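These notes concern the structure reproduced below.
Given the structure is predicted, the values throughout are model-derived calculations rather than measurements. Side chains are part of it too, since the values below use all heavy atoms of this structure and drop only hydrogens, waters and symmetry mates. All residue numbers in this chain count up from 1 along the given sequence.
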Amino acid sequence: MRAELTIEIARTPEDVFDYLTDVSNLPSWQSGVHAARRDGDRIHESRHMLGRELSTTLAIEAEERPRVFAIRALDSPVPFGVRHELEPDGAGGTRLHVVGEGDAGMLPGFAAGIMARRAEKQFRKDFERLKRMLET
């Protein structure tokens, strides 16, 4: 499954990147996340997913301030990765392009489809919330 979006945020790429990569902010804008902490090139997060509480470790695969931030789950029941690409929008703000990809192959076909639709809808809501938070 794949979710992709581009969103304009009225803040500089540096501001958006710094907020996005400060994982202590995750619970305030990303649904399901209760806590997150960073340890070097790893992120440890607790979230509600698939109807239960999960602790997940993510690897930071790319971090180039203020342009790219990419992570990949190391120990999730649904393997996934997210790549954030930021660029100036020409008006002092940021164009944030996000691609999330996951493998729901372990689930039956109908369940994988339902999960993919729910995940994409939540993905979009989370980034709209991030935009609102950064612009207020």
**Request:** Please confirm whether the backbone N or O of Ala10 pairs with a side-chain atom of Glu135, one donor and one acceptor, at under 3.5 Å?
**Result:** yes
**Asked** Who are the ring-ring contact (aromatic ring centres under 6.0 Å, His included) partners of Phe69, not counting sequence neighbours?
**Response** His84
**Asked** Do Arg2 and Glu4 touch side chain to side chain, with heavy atoms closer than 4.5 Å?
**Response** yes
**Prompt:** Would Arg124 and Glu128 pass as an ion pair if we require N to O under 4.0 Å?
**Reply:** no
**Message:** Measuring from atom CG of Leu130 to atom CG of Leu26, what distance do you get when rounded to the nearest 0.5 angstrom?
**Reply:** 9.5 Å
**Distance in Å, Thr56 OG1 paired with Leu74 CG, rounded so as to fall on 0.5 Å steps** = 9.5 Å
**Asked** Would a 4.5 Å heavy-atom cut-off, applied to side chains only, mark Phe123 and Asp126 as touching?
**Response** no
**Asked** So, for Pro13 and Gly93, which heavy atoms are closest and what is the spacing to 0.1 Å?
**Response** CD-O, 3.9 Å
**Item:** Residue pairs, two or more places apart or on separate chains, that pass salt bridge (charged side-chain N to carboxylate O under 4.0 Å, His left out) and touch residues 15-25
**Value:** Arg11-Asp15, Asp18-Arg65
**Item:** CZ on Arg37 to CD1 on Ile43, rounded to 0.5 Å
**Value:** 11.0 Å
**Asked** Are Leu96 and Val99 connected, step by step, through hydrophobic side chains (Ile, Leu, Val, Met, Phe, Trp, Tyr) whose heavy atoms are closer than 4.5 Å?
**Response** no
**Asked** Is any side-chain heavy atom of Ser28 closer than 4.5 Å to a side-chain heavy atom of Met133?
**Response** yes
**Prompt:** Once you round to the nearest 0.5 Å, how far does OG1 of Thr94 lie from CD of Glu14?
**Reply:** 7.5 Å
**Request:** Taking the side chain as every heavy atom from C-beta outward, state whether Glu63 and Phe17 have any atom pair closer than 4.5 Å.
**Result:** yes
**Item:** Leu58 side, atom CG; Arg72 side, atom CZ - distance, nearest 0.5 Å
**Value:** 10.0 Å
**Item:** Partner of Gln30 under side chain to side chain donor-acceptor pair (under 3.5 Å), chosen from Glu45, Arg129, Arg47
**Value:** Arg47
**Prompt:** With sequence neighbours excluded, what pairs up with His44 under the side-chain hydrogen bond (donor to acceptor under 3.5 Å, both in side chains) test?
**Reply:** Thr57
**Gap separating the OG atom of Ser24 from the CZ atom of Arg38, nearest 0.5 angstrom** = 11.5 Å
